[in-house]
Amino acid sequence: MSTQITETETETETESTHQKRRLAEKHARADMRERAKADLSEAEESVKIKVFRYDPEVEGKKDPRFDTFRVPFTKGMTILDALIYARDHFDSSLTFRHSCRQAICGSDALFVNGRQRLGCKTQMSDLEWPVRIEPLPHAEVVKDLVVDMEHFYDQMESVEPFFQTNEIPSGELEEQRQTRENREKVKMSTRCIWCAACMSSCNIAAGDNEYLGPAAINKAYRFAMDEREGEEMKEHRLNIIEQEHGVWRCQTQFSCTVVCPKDIPLTEHIQELKREAVKSNLKFW
Amino acid sequence: MTLHEHDVIVVGAGGAGLRAAIAAHEEGSDVAMVTKLHPVRSHTGAAEGGINAALRDGDDWELHAYDTMKGSDYLGDAPAIETLAQDSPEEVIQLEHWGMPFSREEDGRVSQRPFGGLSFPRTTYAGAETGHHLLHTMYEQVVKRGIKVYDEFYVSRLAVTDHDDPEERSCHGCVAYDIKSGEIVGFRATDGVILATGGDGQVYDHTTNAVANTGDGPAMAYRAGVPVEDMEFVQFHPTTLPSTGVLISEGVRGEGGILYNREGERFMFEYGYANNAGELASRDVVARAELTEVNEGRGINDEYVYLDMRHLGEERIVDRLENIIHLAEDFEGVDPLVEPMPVKPGQHYHMGGIETDENGETCIEGLYAAGECACASVHGSNRLGGNALPELIVLGARAGRHAAGTDLGEAGVPTGPSAKSEDETDLDTPVQPGALDVDDSDVAADGALVEPIDVVEHAVEAERERVRQLLERDGTNHAEIREDLQKAMTENVNVFRNEDGLKRALEVIRECRERYQDVAVSDPSRTFNTDLIHTIETRNLIDVAETITLGALARNEFRGAHWRQEYQERRDDEWLKHTMIAWNDGSPDLYYKPVILEGENKEYEPKVRSY
């Protein structure tokens, strides 16, 4: 009886921590918007953005610099909207990746006012003005706000990021069964959009280029925790993430979790894999 | 000159492209993907609702085919529709075997839900983010197989031989711009090029499509001689957020979401738009109903209506539609657990596209197309919700297998100008459509070239010359042209259309074409020159916009997504035919080919489409 109550309480607490965080963020945003409105009534309705510029082959841009653009502010304007406006009206050479405009393609992770954010889902009114926009730190800049993603992709692909099992059902049109609980267990981890905000925010990744990084470990978690792969494959996956530059490097600074635009509890996933690895190693004692 | 050679080249790496590449690889082909976005950036990832597949007892492929034909308003071709319905179940199970995280029932099987226009709840889903999971699951399989991906390579020209008759032409590869280095690179495909470039929603200024959805595939194939089919049929999704065009899934209505007007009336029923299906009527029906409400003064802010899902309860919403909460909050500032969401119709999907048969083959040998850029035609004049993702995987797989040399049997859908049954004779256009000068096409333009490698090298040279000119000259920026084009299309070639508006649009498109003559790229850099890419894309948008408008002007009836003020009913006696437009080396030729209603076991009888 008492065990049941404890369990319920634990669940409620996890839920409410998550909710509290979202609520706190929501209040902070509302405050910012109020302030932005007040600022607007005094100043003209435009916002200044300071944008990092660099081009390895164009005179005047070989040395990195910041350009300032004054963009008309409209309600609901995002960082990406402001960049598009500046490009289409002031300087067509302003370069940044973007595509879906709805936080699913993961192209436009940027360093905005000192934090990794997705340009398309960050409201201008939620930020201190002028807004400073830089490419993701800890990645090589290709041009302006575009960074080289190859290292990130290499890390992602190093964890065997594909479903593997020896137990595919043989019947015609027969699917593998998965419990709702297990699907729920991996749900958050499957939301990753490969934006690399986490990798860019991670101090360990900055110091150890071979560190798998939060996104790749989360990808490993997504498969290791999927019951459809089976126990044998789980052992194999734990071996991958247990390597020298794997999960043990994580020092639980939570910076990846803080910046993840899809709210994936990355640090928790890394910690859970550490626990799973210990349990699995004990089994063989 | 850098030249890469592979058996099969897939252009684009969204759902259809990934599935095609995997299929070709499984048949033993050396396949490579050439794509302007890294695969996981593709817009397939934004698909929310699900995948229609007849998986369960009580359902079967014939019901799925029937619903699709009815939804198409009898403009889909039966061989293509039946192929879609027959192959979809095994393709969905294949995705499950590849680990796709579908939502699950209590018994552990994959979940299905009701969707608009379906007689059985067969929309198989993974939360409200089915496309994201489909895209990532298939990319994982591409990684597993070690398939070569040239990512951030923008394909801007096809390498096609120059025969007078397009049906005698062959495609030997394509030309791509390496975005990171600025190098123009040739790709030689010995067995086939598969276009899987996705949508072209950037023709409009309010769209659920990504910025990258610029109709590159249809425009390139069209200029190379492949006819485009049923281009006037553009789907406007009834529930997009007003300020951004972000999509709110049909799943919301599938789960029981309700549409209200300003008076708080459930207008789908109260004004008789769909007395049986209500909110779950076909998308074109709901989109027109919403705009009628707004036009008659019952909209909110003269712009939108409300979509309410609060009564479903937080638990159910979080379980099945959680993504919608985030989208509404992040992009419209509305908490849909507390208040209804404002929604209005937005461009969403193009039923029309590159003419192919049900194996993905075009009339040009070695050139294939699959997915949204193609028209087989499975959707006819209106696509049902949940039928886009099966199209990607079913027709993507078939195109991949066929290109790799597998015998799929003779196709039932004829292609190419030889399938013409009738010329369009009395189309009255205010301006001459097509090229400004007759050399404005993508074919090799040198009849002497027969060696495949020469055709590719010639295309590379032609593309280098185009890029050199764009970079060197001074002139107009493409962005103004694109903006004017998008505005004209949204104003005149939208949900409601009439002759005057369509003619006005053709005039604006012609002006855009003329202004484009002087377009120039001001960024001089060879590194990641997005100015150059967007400028080339804008040319493609002009060609696509023109074919949409020409088709809309020609079709004097109301069918599916195409509504004409002057002709407010479906006219089966005259219009059970596809609108075809061939570039014809710069002087577009508009003609028709019959719809195929003869299925495997039955003839589909056109009926009144009521929901």
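Chain A is the first sequence line, chain B the second, and so forth, proteins listed ahead of strands; every chain is numbered from 1.
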Exercise. Please state whether the side chain, the backbone, both or neither of Val142(A) comes within less than 4.5 Å of a heavy atom of chain B.
Key: both
Quiz item: Can you find a pair of side-chain heavy atoms, one from Asp523(B) and one from Arg87(A), that are under 4.5 Å apart?
Solution: no
Quiz prompt | Gap separating the CZ atom of Arg41(B) from the OG atom of Ser99(A), nearest 0.5 angstrom | solution = 10.0 Å
Practice problem: Name the region of His534(B), side chain, backbone, both or neither, that has any atom closer than 4.5 Å to a heavy atom of chain A. | Solution: side chain
Quiz item: If you measure from CZ on Arg183(A) to OG on Ser111(B), what distance do you get to the nearest 0.5 Å?
Solution: 8.5 Å
Quiz prompt | Largest heavy-atom contact set with chain B, pairs under 4.5 Å, which of Glu172(A), Lys121(A), Gln176(A), Gln164(A) | solution = Gln176(A)
Quiz item: Any donor-acceptor pair under 3.5 Å linking the side chain of Glu57(A) with the backbone of Thr527(B)?
Solution: yes
Quiz item: For Glu48(B), is it the side chain, the backbone, both or neither that has a heavy atom under 4.5 Å from a heavy atom of chain A?
Solution: side chain
Quiz item: Ignoring hydrogens and geometry, is there a side-chain-to-backbone donor-acceptor pair from His136(B) to Ile193(A) under 3.5 Å?
Solution: no
Quiz item: For the candidates Asp88(A), Leu173(A), Asp226(A), which exhibits the highest count of non-hydrogen atom pairs separated by less than 4.5 Å from chain B?
Solution: Leu173(A)
Practice problem: Among the options Glu332(B), Glu480(B), Glu129(B), pick out the one with the most heavy-atom pairs lying under 4.5 Å from chain A. | Solution: Glu129(B)
Quiz item: Which heavy atom in Gly45(B) sits nearest to a heavy atom in Ile104(A), and how many Å separate them?
Solution: O-CG1, 3.2 Å
Self-check item: Nearest-0.5 Å distance that lies between atom CE in Met149(A) and atom CG in Asp151(B)
Solution: 10.0 Å
Quiz item: Thinking salt bridges, do Arg191(A) and Glu322(B) make one under a 4.0 Å N-O criterion?
Solution: yes
Quiz item: Taking C-beta and beyond as the side chain, do Glu96(B) and Arg228(A) meet within less than 4.5 Å on heavy atoms?
Solution: yes
Quiz item: Between atom NE2 of His89(A) and atom CG of Asn477(B), what is the distance when rounded to the nearest 0.5 Å?
Solution: 10.0 Å
Exercise. Report yes if the side chains of His98(A) and Thr530(B) come closer than 4.5 Å at any heavy-atom pair, otherwise no.
Key: no
Self-check item: Heavy-atom pair count under 4.5 Å with chain A, highest-scoring of Ala479(B), Ser525(B), Ala210(B)
Solution: Ser525(B)
Quiz item: Checking heavy atoms, do the side chain of Tyr139(B), its backbone, both or neither come under 4.5 Å from chain A?
Solution: side chain
Quiz item: Where does Lys61(A) contact chain B at under 4.5 Å (heavy atoms): side chain, backbone, both or neither?
Solution: neither
Quiz item: Who among Val110(B), Thr137(B), Asn529(B), Val92(B) has the most heavy-atom pairs with chain A under 4.5 Å?
Solution: Val110(B)
Quiz item: Where is the tightest heavy-atom contact between Pro101(B) and Arg222(A), given as atom of each residue plus distance?
Solution: CD-NH2, 3.8 Å
Practice problem: Verify the ring-centre separation between Tyr153(A) and His38(B): is it less than 6.0 angstrom? | Solution: yes
Quiz item: More than 12 foreign heavy atoms under 6.0 Å from CG of Asp154(A): is that the case here?
Solution: yes
Quiz item: Roughly how far, to the nearest 0.5 Å, is CE of Met156(A) from CD of Glu140(B)?
Solution: 9.0 Å
Exercise. Tell me, for Asn209(B) versus chain A, whether the close heavy atoms (under 4.5 Å) come from the side chain, the backbone, both or neither.
Key: backbone
Quiz prompt | Over all atoms of both residues, closest heavy-atom pair of Gln102(A) and Leu247(B) | solution = OE1-N, 4.4 Å
Practice problem: Please confirm whether the backbone N or O of Val143(B) pairs with a side-chain atom of Glu157(A), one donor and one acceptor, at under 3.5 Å? | Solution: no
Quiz prompt | Glu160(A) with Lys144(B): basic N within carboxylate O range, under 4.0 Å | solution = no
Quiz prompt | CD/Glu140(A): more than 12 non-hydrogen atoms of other groups inside 6.0 Å | solution = no
Self-check item: Interface moiety of Ile168(A) toward chain B, non-hydrogen atoms closer than 4.5 Å
Solution: side chain
Quiz item: If you count heavy-atom pairs under 4.5 Å with chain A, which of Gly245(B), Ser243(B), Gly108(B) comes out on top?
Solution: Gly108(B)
Quiz item: Side chain, backbone, both or neither: which part of Arg56(B) has a non-hydrogen atom closer than 4.5 Å to chain A?
Solution: side chain
Quiz item: In terms of heavy-atom proximity below 4.5 Å to chain A, should Glu106(B) be classed as side chain, backbone, both, or neither?
Solution: both
Exercise. Step through the shown structure and confirm whether more than 12 heavy atoms of other residues, nucleotides or ligands are within 6.0 Å of NZ on Lys62(A).
Key: yes
Exercise. Select one option (side chain, backbone, both, neither) describing which atoms of His43(B) are under 4.5 Å from chain A's heavy atoms.
Key: side chain
Practice problem: Before accepting this row, confirm whether a basic side-chain N of the pair Arg180(A)/Asp107(B) lies closer than 4.0 Å to the acidic partner's carboxylate O. | Solution: no
Exercise. To the nearest 0.5 angstrom, please state how far the CZ atom of Phe528(B) sits from the CZ atom of Arg97(A).
Key: 4.0 Å
Quiz item: Which answer fits Pro169(A), side chain, backbone, both or neither, if we ask what part of it has an atom under 4.5 Å from a heavy atom of chain B?
Solution: both
Quiz item: Is Glu150(A) salt-bridged to Lys180(B), going by a charged N under 4.0 Å from an acidic O?
Solution: yes
Exercise. Could you look at Arg526(B) and say if it's the side chain, the backbone, both or neither that has a heavy atom under 4.5 Å from chain A?
Key: both
Quiz item: Checking Lys187(A) against chain B: side chain, backbone, both or neither under 4.5 Å from a heavy atom?
Solution: side chain
Quiz prompt | Atom group of Glu174(A) that falls short of 4.5 Å from chain B, counting heavy atoms | solution = backbone
Self-check item: Arg177(A) side chain vs Arg109(B) backbone, donor-acceptor pair below 3.5 Å
Solution: no
Quiz item: Is there a donor-acceptor pair under 3.5 Å between the side chain of His132(B) and the backbone N or O of Thr190(A)?
Solution: yes
Quiz prompt | Donor-acceptor pair, side chain of Glu175(A) and main chain of His97(B), under 3.5 angstrom | solution = no
Practice problem: Could you check which of Asp91(A), Thr95(A), Asp148(A), Thr179(A) has the highest count of heavy-atom pairs closer than 4.5 Å to chain B? | Solution: Thr95(A)
Quiz item: Between the side chains of Ser93(A) and Asp531(B), is a donor N or O closer than 3.5 angstrom to an acceptor N or O?
Solution: no
Exercise. Could you have a look at Ala212(B), Ser42(B), Ser103(B) and say which one has the most heavy-atom pairs with chain A under 4.5 angstrom?
Key: Ser103(B)
Quiz item: Does some side-chain heavy atom of Arg101(A) sit less than 4.5 Å from a side-chain heavy atom of Val246(B)?
Solution: no
Practice problem: Answer with side chain, backbone, both or neither: which region of Lys143(A) has an atom nearer than 4.5 Å to a non-hydrogen atom of chain B? | Solution: side chain
